[in-house]
Amino acid sequence: MQPILVTGAAGRVGAVGRSVVEELRGRGLPVRALVRRDDERAKALRATGAEVVVADLTRIGEVTKALSGCTRVYFGMGVSAQYLQAAVTTAAVARAAPGLEVLVNMSQLTVSELDLAEAGESRQHRQQWLVEQVLGWSGLPVVEVRPTVFLENPLFRVGLSSIARDGTIRLPLGRARTSPVAAADVAAVVAQVLAEPQPHLGRSYELTGPRSQDGDAVAAEVSAALGRPVGYTDVPLDEWIDRDLEPLGLPDHVFEHIATMARLHAENRYDRRADGVQLVTGRPATGVGDYVRRHADRIAGP
């Protein structure tokens with residue numbers, strides 16, 4: 001079997017690419033892990049038995065070398081102003097590659113709601129929508145993966161971080177509902193499609209957590225998981241952006257995307273429920289409570 005190309009293999013938020021590499025290697029499948037720089041994360045990928053290549057996804061020559069000999073490709077990239085260029089470059093190279101069996105594209109669930117009209121989305125959302133259009137025109141054997149917000153996203157990472165400080169979850173949800181998904185579940189879906197692509201070709205999978213619920217319900221689930229009271233504090237959006245998000249010092253493009261996601265949450269755009277995780281992996285999606293229980297030391301403190 002030819003190697004499976006996994007881009008974004010050293011990514012940070014949720015580390016989906018790294019988890020995909022680990023899952024595929026656990027199945028004994030050959031993997032070529034594409035990273036932006038050769039550092040400790042690249043070293044850890046080599047330890048799994050993966051071949052590691054260093055490349056810039058916006059440089060067509062480097063992508064061509066990285067994809068050479070690969071018949072299955074996963075495209076995933078962190079939030080970036082260069083996202084569209086990187087995705088189209090990868091698609092162009094993939095179209096010229098002989099024998100391509102599947103290209104799995106990491107998108108986002110709310111992108112399925114977009115069209116030519118402006119809907120208050122972020123520049124990142126619009127880039128992801130454009131990528132889906134290009135892939136639809138390309139004739140490539142594409143599988144779209146559309147997770148809702150990751151539990152590891154800065155939105156929820158910051159919101160859950162206040163548990164250790166004052167026993168509350170601080171989020172600007174109002175009375176809206178949300179259904180965050182664990183990155184490990186998303187990686188499991190991607191790995192399964194890459195391992196056995198034929199049943200999934202041409203399909204789109206929406207991935208959410210097992211429930212869509214408001215802030216109070218999320219807090220109740222977390223409280224039960226930790227065995228101690230946890231409340232929900234509804235924070236006005238502008239205050240949350242200034243006090244909770246701004247101190248993270250995110251790049252402008254990333255900051256605008258996360259702030260937009262927070263606003264779309266308040267507008268109830270993330271009140272979605274889908275069975276993509278169960279459908280592809282055969283197991284239910286991880287709930288907020290289970291996620292917090294697994295990461296209690298990091299989230300809830302001593």
Side-chain angles (χ1 to χ4, degrees), residues 6 8 11-27 74 76 78 104 106-110 112 143-164 169 171 173 176-196 200 203-228 230 232 258 261 265 269-301:
V6 177
R12 297 183 184 276
V13 177
V16 172
R18 184 173 71 239
S19 295
V20 170
V21 171
E22 292 170 353
E23 291 234 8
L24 293 174
R25 290 300 303 138
R27 299 179 185 215
Y74 163 65
V104 182
M106 177 63 68
S107 188
Q108 191 183 54
L109 188 146
T110 53
S112 63
V143 177
E144 295 286 357
V145 177
R146 296 173 177 155
T148 185
V149 59
F150 286 146
L151 278 162
E152 294 83 355
N153 185 283
L155 177 68
F156 277 89
R157 191 173 73 238
V158 171
L160 295 173
S161 67
S162 56
I163 294 174
I169 298 170
L171 284 170
L173 299 181
R177 295 171 179 266
T178 185
S179 54
V181 64
D185 288 344
V186 177
V189 168
V190 172
Q192 179 60 36
V193 173
L194 289 169
E196 300 178 25
H200 309 286
R203 303 194 64 174
S204 298
Y205 292 107
E206 296 190 344
L207 311 181
T208 74
R211 290 169 289 282
S212 184
Q213 52 194 353
D214 63 18
D216 288 329
V218 170
E221 188 174 340
V222 172
S223 179
L226 296 177
R228 60 185 174 89
V230 174
Y232 167 63
I258 303 302
M261 291 181 75
H265 264 86
R269 292 274 295 279
Y270 284 85
D271 182 13
R272 302 283 289 273
R273 170 75 179 84
D275 294 317
V277 174
Q278 175 92 45
L279 188 63
V280 177
T281 69
R283 58 175 175 77
T286 303
V288 177
D290 289 334
Y291 175 82
V292 169
R293 192 177 295 111
R294 293 173 189 173
H295 304 281
D297 290 345
R298 175 169 57 81
I299 293 173

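In this chain, residues are counted from 1 in sequence order.
Taken from OG1 in Thr178 to CZ in Arg269, the straight-line distance is 12.5 Å, to the nearest 0.5 Å. Gln278 contributes atom CD, which lies 12.5 Å from atom CG of Leu207 (distance to the nearest 0.5 angstrom). Here the CD1-OH distance, from Ile169 to Tyr232, works out to 9.0 Å after rounding to the nearest 0.5 Å. Atom CD of Glu206 and atom CG of Leu109 lie 4.0 Å apart (nearest 0.5 Å).
In this structure, Asp271 does not pair ionically with Arg273, as no charged nitrogen and carboxylate oxygen lie closer than 4.0 Å. Salt bridge Arg157/Glu152: absent, no basic N to carboxylate O contact under 4.0 Å.
Under the 4.5 Å side-chain criterion, counting only non-hydrogen atoms from C-beta, Val158 is not in contact with Phe156. For the pair Ser179/Arg211, no side-chain contact is recorded, criterion being any heavy-atom separation below 4.5 Å from C-beta on. Considering only heavy atoms from C-beta on, Gln213 comes within 4.5 Å of Glu221 through its side chain.
Of the options Asp185, Val186, Val277, a side chain to side chain contact (heavy atoms under 4.5 Å, CB included) to Pro147 is made by Val186 and by none of the others.
Looking at Ser223, its side chain does come within 3.5 Å of a backbone N or O of Arg228 through a donor-acceptor pair. In this structure a side-chain-to-backbone donor-acceptor pair under 3.5 Å is present from Asp214 to Ala217.
Of all non-hydrogen atoms in His265 and Ala176, the two that sit nearest each other are O-CB, 3.0 Å.
Between Tyr205 and His200, the two ring planes are perpendicular [angle over 60°; tilted spans 30° to 60°].
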